[in-house]
Asks: 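Take a look at the following structure, please.
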Amino acid sequence: MSISIKSKREIEMMRESCKLLEQVFAQMRDALKPGISTKEIDSLGEKLIRKCGCTPNFLNYNGYPASICVSVNDEVVHGIPTKDRIIQDGDIVSLDAGLIYKGYHSDMARTYGVGKISEEARLLIERTRQSFFEGIKVATEGAHLFDMSNAIDEYISQFGYGIVRDLVGHGIGTKLHEDPQIPNFSQKRRGPKLQAGMTLAVEPMINIGRGDVAWLDDDWTVVTEDGSLSAHYENTILITDGEPEILTFNGICE
Ligand code: MF3
Ligand code: CO
């Protein structure tokens, strides 16, 4: 496994890619209302990505047929947008998007409650988000990758939630998925040492019930096996000799 270290110039490209993505993302978030179809969110996202001269990196990735992943309620990730799937009041909706700017990829996800959601759903979303921040607290040069995995697991476990194990975070740069894989659950080994200049997509996927998942017949949509709600929170980060820089988090999308 070799983890790429980005040069100063590459880091600038990554920053810009991520900044543009966050701007696009905010507009999808604002469009997320009862009555909108998941396909309309996808079309909006693709249009906005292309408008800034970028390319949607999910489109046709391993055959994925859309630009944005829209995963509702018990859908964990990779929900394929369709015109018949209409967002309802009370849904929790995970948006996952990425783009390519001058050859450099960005990737982020958020789960949003639409209208009035249950208290248990609100807590799931809040704690999934917090688990990301608990993870990156230990993500500094010289630490080990799995320190982050362990921190996420330790934080989430107190709530009795299930951590999705079949999908993991990843390195990112000139490809959407680079080494290393980043599990969100505790590891026996320490994993590779973190170095300044690594860019990583850290993305806990957390279920209210068990962590087990299943794939729908479309071969993409990942759902919780027990039908419980699931939330996702992802940022592209840069490892530094201090706190990591959260490249997809510039005060536009919390
Ligand atoms: N954000 C997803 C991931 O982390 C990418 C979606 S895969 C795709 O890795 F096929 F939908 F593009
Ligand atoms: Co990702």
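Ligands are counted one by one from 1 in listed order, and the atoms in each one are counted from 1 as well. Worth knowing before you read on, the calculation uses all heavy atoms, side chains too, and leaves out hydrogens, waters and symmetry mates.
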Asks: Who are the residue neighbours of ligand 1 when the rule is a heavy atom under 4.0 Å from any of its atoms?
Replies: Phe58, Tyr61, Tyr64, Cys69, His78, Asp96, Asp107, His170, His177, Glu203, Trp220, Glu234
Asks: Going by an N to O cut-off under 4.0 Å, is there a salt bridge joining Glu16 and Lys102?
Replies: no
Asks: Which protein N, O or S atoms lie under 2.8 Å from the Co ion (ligand 2), given by chain and residue number?
Replies: Asp107 OD2, His170 NE2, Glu203 OE2, Glu234 OE2
Asks: Is a salt bridge present between Glu119 and Arg122, judged by a nitrogen-to-oxygen distance below 4.0 Å?
Replies: yes
Asks: Should we say atom CD of Glu10 is surrounded by more than 12 heavy atoms from elsewhere, each under 6.0 Å from it?
Replies: yes
Asks: When you measure from the side chain of Asp42 to the backbone N and O of Ile68, does any donor-acceptor pair fall under 3.5 Å?
Replies: yes
Asks: I need the Lys47 NZ to Met28 CE distance, nearest 0.5 Å.
Replies: 12.5 Å
Asks: For a side chain to side chain donor-acceptor pair (under 3.5 Å) with Thr111, tell me which candidate from Ser71, Ser94, Ser230 qualifies.
Replies: Ser94
Asks: Between Glu12 and Arg9 (salt bridge meaning N to carboxylate O under 4.0 Å), is one present in this structure?
Replies: no
Asks: Can you give me the closest heavy-atom contact between Glu203 and His232, atom names plus distance?
Replies: OE1-NE2, 2.8 Å
Asks: With a 6.0 Å cut-off on ring centres, are Phe133 and Phe249 close enough?
Replies: yes
